[in-house]
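First the structure, in the form of structure tokens, and then the observations on it.
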Amino acid sequence: MYVGCLISDIKQIKTNQRSMKKLFLLDGMALIYRAHFALSKTPRFTSGGLNTSAVMGFTNTLLEVLRKEKPSHMAVVFDTEAPTERHTEFADYKGHREAMPEDLSKALPYIFKVVLGFNIPVITSDGFEADDIIGTLAKKAEQKGYQVYCMTPDKDFAQLVSDNIFIYKPARMGNDMEILGVKEVLAKWEIERVEQVIDILGLWGDAVDNIPGIPGIGEKTAKSLIKTYGSMENIIAHSHELKGKQRENVEAFAEQGLLSKRLATINLNAPVELDEAGLEMCDPNRELLEPLFAELEFRTLGRRVFGDGSSITEIKNVSIQHDLFSSPQSQEGTTTMTVDVTDIYEEPAGPLQNISNTEHQYHLADTFEKRAELIKLLSAQKSICFDTETTGTDANQCDLVGLSFSIKKGQAWYVPVPKNCDEIQPIVDEFKELFENPAIGKIGQNIKFDMLVLKYYNVTIQGELFDTMLAHYIIDPDTRHGMDVLAENYLGYSPVSITELIGAKGKNQGTMRDVEIEKIKDYAAEDADITLQLKEIFEPKLEQVGGTVLATDIENPLVYVLADIEFEGVRIDHDTLKEFSKELETEIGKLEKTVYEKAGVRFNIASPKQLGEVLFEKLKLDEKAKKTKTGQYQTGEDVLLALANKSDIVRDILDFRQMQKLKSTYVDALPLMVNPKTGRVHTSYNQAVAATGRLSSNNPNLQNIPIRTERGREVRKAFIPRNEDHVIMSADYSQIELRIIAEISKDANMMEAFVQGVDIHTATAAKVYGKTLDEVDGTMRRNAKAVNFGIIYGQSAFGLSQNLNIPRKEAADIIEQYFAQYPGIKNYMNDTMHFARQNGYVQTLMGRRRYLRDINSANQTVRGYAERNAINAPIQGSAADMIKIAMINIHREFKAHKFDSRMTMQVHDELVFDVHKSEIEMVKPIILDNMRNAIKTVVPIVVEIGMGNNWLEAH
DNA sequence: GTAAACACGC
DNA sequence: GACGTACGTGTTTACA
């Protein structure tokens, strides 16, 4: 009845004030499938077919667009029948896509117009693909001066992008919406012209689902072929230039490829007119809709339609929030960030520059005289920018190829070194004094690498550092920090690509050493030049984001510490590992046998696919076993544990998995990582990947060596001191993250627990369950511990219930109690969230910022992700700051004392040292003091320290 | 070569 | 009432 009323009464209010005509074209089916797919990934929503949730998902996306982008014109296009005429050319395609359900085609305009009060035309595409209709409309609108945004899967659509046509990608998990223009499309596809997208799609055969292109040509190959030949037709014409199987395939399947291309091409002559007046948007009729929504209790919908300022919002959400982090939605009403996070980027004007169209002077310093002149010039500088070229990316095993330097924009030098190893050293020696001069600052991109390379040539870099990679990591930790990306984003410059010199990645990749000197000169000199230019840009930006201190006092000095740790390496006990490997091998063999017997069939236990089939189809352990999104049975640890009581085969399988993992990832892999030059394992720490400020470790990853299980822990026995005069010393922060929460939040109860020195999880359990410390049992402590961790890692009630294997309700109750007992923490969370909404970022104790672009997103999922980060980043980040400061100070004191002892590993909250026995008593207080006092806190910081003949004993 | 599933640490 | 649940590294299998 109300609805009937509305239809007749809504008077569309046209808004004419909009200056730019903005047309949004939506592929309705694609969006609905997108929403549907998102749901079907979750096991709970496996019921097939389109359902109301999918349609709701679609509506939400639509509303987000309306609110954010405020289009002046809009249309939704649906395929009514598929396969279309064009697709019947290919038999396989038949029946692939479902037609739009008829009721949906009627429901949508109804939803738009009546329920939401917008007039959004729905266009059906009889006999044509929705893409064709959208494409045709887009072109026509572009000619009339519209800015056109196409919301479609971007793959096919990229070909259409021009100066006024964009691809609009709605928000997804972890990402807010995204707009792709010409620049982004070119970059993404690595091509010169957007039209070439269809050539790539044609070759690759990914144009339309299930339409094959040319066999054996994947995305990458397609791109590189297009880069060389420009178009598919050209490739076919020049197929004789190709080799082997590729040539055969191109020749044999040329026709199929062309067909694929034709199908990928968007038909711009669809019979559809651009009815400008008909597509014009109106605002929802507020006066009519608002009372209606209020009466029908469409609160959420109302909020979405009218924005946060709606009076409907004033009906306060009184339900208790059971999730750790979801705050009542937009409680504070519309918030605007005072800082526009997009400010940290500068949009470079015009097309990308490159080496061929910029002025530059790159010199080759390949004689003793030229080098001497260069060194004289460099030595007179306050700081120099440099870069090394090497034969590989592992600093511990590669050889130097050349050095490049820059001190002024557009000017750089390249110093090649001979191929013969013995002849390299004297040339490096010429530069030794320069590098080791502490009065000359060193600028570079990822200096740790260059530092390590040079260490092997007996050069110890000194002086203040400015690392452009780290600078950008501080400025904007969530994005990428590669030099090429930075150059494009900040300088509008596209550097010579390394693949141009040494070929694409893979076994056929050449090395720098084989490239002609002239080419390396340009490449290398350009790197130094760009790095210097980036430094000029980043220096003021650091200041702007309050990151100067973080850069000069923490990140840059830490480079020295990490380089030393990596150079030092860790000694591994081969015999222990070999023995352990054998032991595991026999155990695994035994387990295999029992599993085969119990299952009555031989299969690959390590294959989740086969295992799932055996467990659930043959043995039928669980009738309604969960499946993954690809249709396999889930066989993860928690799933198997739930089955443990049904058959003891499950226990064996879990044991098998554990041992297999131990053997392949650690026991057998570690000895292979030993550097033949040094006989030790040299991990590499990445200082710029984890957005929270933590380090990460790889080649090998020393930060995930087992400790939880008895057997896994054995691996740590193999980490030994360098000789019998040394011991391993390990120092760990106890509960550092929780102490930091207590410190930041100043929660009285939690601070008290730490001051008293009681076990924090027991204390928490006592509080949450209202018991005394003595009454807390194992389960209570375990639950409390899980909540404490949940806080640190940004978990929800759902995550907690999963972790503890308890009902959601129970998890929610525990969390509620937790917040009642630690009100300071609840306040901290609210304050942090508020700060993030206002400012667009959060920060650590040392001012390390994390920008949260999506904190005010209308999309729940996206915003939730940002909110969890808002809580989590200051905590993890402050802990990271703390240990980094400790590392720098300890390293400095070790140097000052000229100790023989070395720091050898960092595992987030633990530092490991190789200590000379005579120095134990001197080293210990230095480690303890510096770790405890890295950052001044009220909450006591506790460090536990241990020693032993291996890493396990040191705990 | 790449994606998916899994498992390890914090 | 919807939506998806920490991150980073590395292994294996499966598939094209």
Side-chain angles (χ1 to χ4, degrees), chain A residues 35 38-39 41-42 44-45 52-54 56-57 59-60 172-174 205 212 215-221 297-301 304 319 323-326 329 504-507 604-612 628-640 654 657-658 660-666 668-669 683-684 686 689-692 694-709 712 715 732-733 736-737 789-803 859-865 868-869 871-873 876 879-880 906-910:
Chain A
L39 293 175
K41 275 200 298 192
T42 333
R44 281 187 294 144
F45 291 108
T52 43
S53 309
M56 269 317 285
T59 315
N60 283 339
R172 300 176 314 283
M173 177 60 197
I217 298 189
E219 185 179 358
K220 288 207 165 165
T221 325
E297 300 189 335
F298 282 180
R299 281 189 288 274
T300 310
L301 191 61
R304 286 186 186 151
S319 68
D323 273 8
L324 285 177
F325 301 113
S326 67
Q329 269 179 27
K505 262 193 199 155
K507 56 182 175 187
N604 186 349
I605 311 173
S607 158
K609 197 178 166 196
Q610 294 184 30
L611 177 64
T628 64
K629 64 183 175 192
T630 50
Q632 273 187 43
Y633 292 103
Q634 284 185 358
T635 61
E637 192 185 355
D638 49 337
V639 178
L640 293 192
L654 285 169
R657 279 229 179 117
Q658 196 202 6
Q660 181 95 347
K661 166 87 180 173
L662 275 178
K663 188 166 181 298
S664 63
T665 312
Y666 305 104
D668 290 349
T683 187
S684 172
N686 198 330
V689 281
T692 50
R694 277 186 171 185
L695 298 177
S696 78
S697 148
N698 63 11
N699 291 314
N701 183 352
L702 293 186
Q703 293 181 323
N704 72 344
I705 304 299
I707 190 161
R708 228 182 50 207
T709 63
V715 177
D732 312 33
Y733 279 114
I736 187 64
E737 270 108 349
F789 274 100
I791 303 271
I792 296 169
Y793 294 131
Q795 229 180 13
S796 58
F798 177 84
L800 184 67
S801 67
Q802 289 278 303
N803 257 347
N859 183 302
Q860 166 98 26
T861 312
V862 172
R863 191 184 59 246
Y865 182 81
R868 286 196 296 278
N869 280 335
I871 302 299
N872 181 241
Q876 269 200 38
Q906 191 257 35
V907 190
H908 306 309
D909 63 358
E910 175 187 6

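Labels below follow one simple rule: chain letters A, B, ... track the order of the sequence lines, proteins then strands, and each chain is numbered from 1. Computed from a predicted model, the values in this text were never measured in an experiment.
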Rounded to whole Å, CG of A:Asn704 lies from P of C:dC7 at a distance of 17 Å
*Looking for any heavy atom pair under 4.0 Å, which part of the strands does A:Ser697 touch: base, sugar-phosphate only, or nothing?*
sugar-phosphate
Rounded to whole Å, the CD1-C1' distance (A:Ile707 to B:dC8) equals 12 Å
Side-chain touch A:Tyr633/A:Leu611, heavy atoms, less than 4.5 angstrom: no
A:Asn698 CG to C:dC7 P, in whole Å, measures 19 Å
Hits for side-chain hydrogen bond (donor to acceptor under 3.5 Å, both in side chains) against A:Arg694, two or more places apart or cross-chain, chain-then-number order -> A:Glu737, A:Gln876
TODO: Classify the nucleic acid contact of A:Tyr666 as base, sugar-phosphate or nothing, counting any heavy atom under 4.0 Å across all strands shown.
DONE: sugar-phosphate
Next on the checklist: Do A:Thr692 and A:Asn872 have side chains that approach each other closer than 4.5 Å (heavy atoms only, starting at C-beta)?
Outcome noted: yes
**Message:** Students often get this wrong, so: under 4.0 angstrom with heavy atoms, is A:Glu910 touching a base, only sugar-phosphate, or nothing?
**Reply:** nothing
Across all chains, not counting sequence neighbours, the side-chain contact (heavy atoms from CB on, under 4.5 Å) partners of A:Asp668 are A:Ser581, A:Lys663
Separation of B:dA7 atom P from A:Gln658 atom CD, nearest Å, is 10 Å
Check whether any side-chain heavy atom of A:Leu640 lies under 4.5 Å from a side-chain heavy atom of A:Arg657, and answer yes or no. yes
With the side chain defined as heavy atoms from C-beta on, A:Asn701 is closest, among C:dT9, B:dC10, B:dC8, to C:dT9
Which of B:dC8, C:dC7, C:dG8 is nearest the side chain of A:Tyr865? It is C:dC7
Rounded to whole Å, CG of A:Asp638 lies from P of C:dT5 at a distance of 14 Å
Which part of the nucleic acid, if any, lies within reach of A:Asn872 when heavy atoms closer than 4.0 Å are counted: base, sugar-phosphate only, or nothing?
nothing
Here the distance between atom C1' of B:dC8 and atom CG of A:Leu662, to the nearest Å, is 9 Å
Across all chains, not counting sequence neighbours, the side-chain contact (heavy atoms from CB on, under 4.5 Å) partners of A:Ser697 are A:Thr683, A:Tyr685, A:Asn701, A:Leu702, A:Gln703
Atom CD of A:Gln634 and atom P of B:dC6 are separated, to the nearest Å, by 7 Å
- Message: For a quick test of reading the model: is some side-chain N or O of A:Arg694 closer than 4.0 Å to OP1 or OP2 of B:dC10?
- Response: no
dist A:Ser696:OG -> A:His908:NE2 (nearest 0.5 Å) comes out at 8.0 Å
Taken to the nearest whole Å, CD1/A:Ile871 to C1'/C:dA6 is 14 Å
Output row for DNA chain C, stems defined as at least 3 consecutive Watson-Crick or G-U pairs under 3.5 Å, is B:1-9 with C:7-15
- Message: If we ignore hydrogens and angles and just use 3.5 Å, is the side chain of A:Tyr666 paired with the main-chain N or O of A:Asn704 as donor and acceptor?
- Response: yes
With sequence neighbours left out, the residues meeting side-chain contact (heavy atoms from CB on, under 4.5 Å) with A:Asn604 are A:Ala606, A:Ser607, A:Gln610
Protein heavy-atom contacts under 4.0 Å, written 5' to 3' over nucleotides 11-16 of chain C as B (base), S (sugar-phosphate only) or - (none), form the string SSSSS-
Quick one, A:Asn698 with A:Asn686, criterion side-chain contact (heavy atoms from CB on, under 4.5 Å). Give me CA distance, side-chain angles, the key distance, then yes/no.
CA-CA 8 Å; A:Asn698 63 11; A:Asn686 198 330; 5.5 Å; no
*For atom C1', what is the distance between C:dA6 and B:dC8, given to the nearest Å?*
14 Å
Write down the distance separating the P atoms in C:dT5 and B:dC6, rounded off to the nearest Å.
16 Å
Tell me whether the OP1 or OP2 atom of B:dC6 has a side-chain N or O from A:Tyr633 closer than 4.0 Å.
no
